[in-house]
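Before any comments, here is the structure.
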Amino acid sequence: MNSWYAVLNHLPAMLYGLRFTFLIAIVSLALSMVFGGLIVSLLRSKSASARAIGFLYIQIFRSLSPYVYVLLVYFALAGATGWKMDPVTAAIISLTLLNTAYVAEIYRSVLLTIDEGQWEAAAAMGLTNWKTNSVVIWPQALRTAIPLLLNQFIVILKDSAIVGVIGVKDIVYVANAQASITYKQFEYLTAVGLIFILIVFILSQLSMSLERRLAWKH
């Protein structure tokens, strides 16, 4: 029982570390949504070379684990360029590069659900390609993509658990630090696992609720 008291005493510090977990996940998703839009534009381009670039990006960045990307960006990229980045920045860059590929695939799938007639109607009304996408197509696509993007946020949140390896003082890093001092790895890591389970459960319920509401509106 004393073991769990030690965990409870350090719970505020662990929850404080959770702010880095959420910060990294939120910023990474936001950037992935922007760059994912650029990648899906390449995939839908009339240019074969542009489509090839988009395809290669997705295949390459979905092939390796987040752990490898974090190490590559923080150690290898810094060593090759001389750019000394802080651990949080490296974590955000790594997870953004990875999840841009997944978000692009989400966009591609939801764009396929848009009726072809809407593109034709927009063209018949004389709307430019920019107007068609910004006013007609993307607002619908993003609304459909919300539950999928929330699920992707859950994935990013779980992937961010490895950023402690480069010194980000997130919840896992704090728990490991305390466990190495007290030799209570089971208790501290179990507490981290339970916190993640609770967070993922809440976000999953929110995602399913949004999905049901959007389906009902359709």
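These figures come from a predicted structure and were not determined experimentally. Hydrogens, waters and symmetry mates play no part in the numbers below; they use all other heavy atoms, side chains included.
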Checklist entry - Which atom pair, heavy atoms only, marks the closest approach of Val88 to Val168? => result N-CG2, 3.8 Å
Next on the checklist: For the backbone of Thr96 and the side chain of Thr100, can you confirm whether one donor and one acceptor N or O come within less than 3.5 Å of each other?
Outcome noted: yes
Checklist entry - Do Leu43 and Arg51 come within less than 4.5 Å of each other through their side chains, counting heavy atoms only? => result no
Item to check | Distance-only polar pair, side chains of Ser49 and Ser47, donor-acceptor under 3.5 Å | outcome: yes
Item to check | Worked verdict on Trp4 versus Tyr188 for side-chain contact (heavy atoms from CB on, under 4.5 Å) | outcome: CA-CA 8 Å; Trp4 292 103; Tyr188 278 97; over 6 Å; no
Checklist entry - Hey, which of Ser65, Ser94, Pro87 is the one that makes side-chain contact (heavy atoms from CB on, under 4.5 Å) with Val70? => result Ser94
Checklist entry - Just by distance, do the side chain of Thr182 and the backbone of Gln178 share a donor-acceptor pair under 3.5 Å? => result yes
Checklist entry - Which heavy atom in Gly17 sits nearest to a heavy atom in Val174, and how many Å separate them? => result CA-CG2, 4.5 Å
Checklist entry - What is the minimum heavy-atom distance between Ala104 and Ile58, and which atoms define it? => result CB-CD1, 4.2 Å
Checklist entry - Looking only at heavy atoms, which two atoms of Tyr173 and Gly167 are closest? And how far apart? => result CE1-CA, 4.1 Å
Item to check | Heavy-atom side-chain proximity of Ile53 to Tyr57 below 4.5 angstrom | outcome: no
Checklist entry - Are Phe153 and Val200 joined in one hydrophobic group, where the rule is that I, L, V, M, F, W and Y side chains link up if heavy atoms are under 4.5 Å apart? => result yes
Checklist entry - What's the verdict on side-chain contact (heavy atoms from CB on, under 4.5 Å) for Tyr67 and Asp159, showing C-alpha distance, side-chain angles and the deciding distance? => result CA-CA 8 Å; Tyr67 184 81; Asp159 285 347; over 6 Å; no
Next on the checklist: Minimum heavy-atom separation for Ser28 and Leu95, please, with both atom names.
Outcome noted: OG-CB, 3.6 Å
Checklist entry - Quick check, are the ring centers of Phe61 and Tyr69 under 6.0 angstrom apart? => result yes
Item to check | Atom of Ala175, atom of Met14 and distance for their closest heavy-atom approach | outcome: CB-CE, 4.2 Å
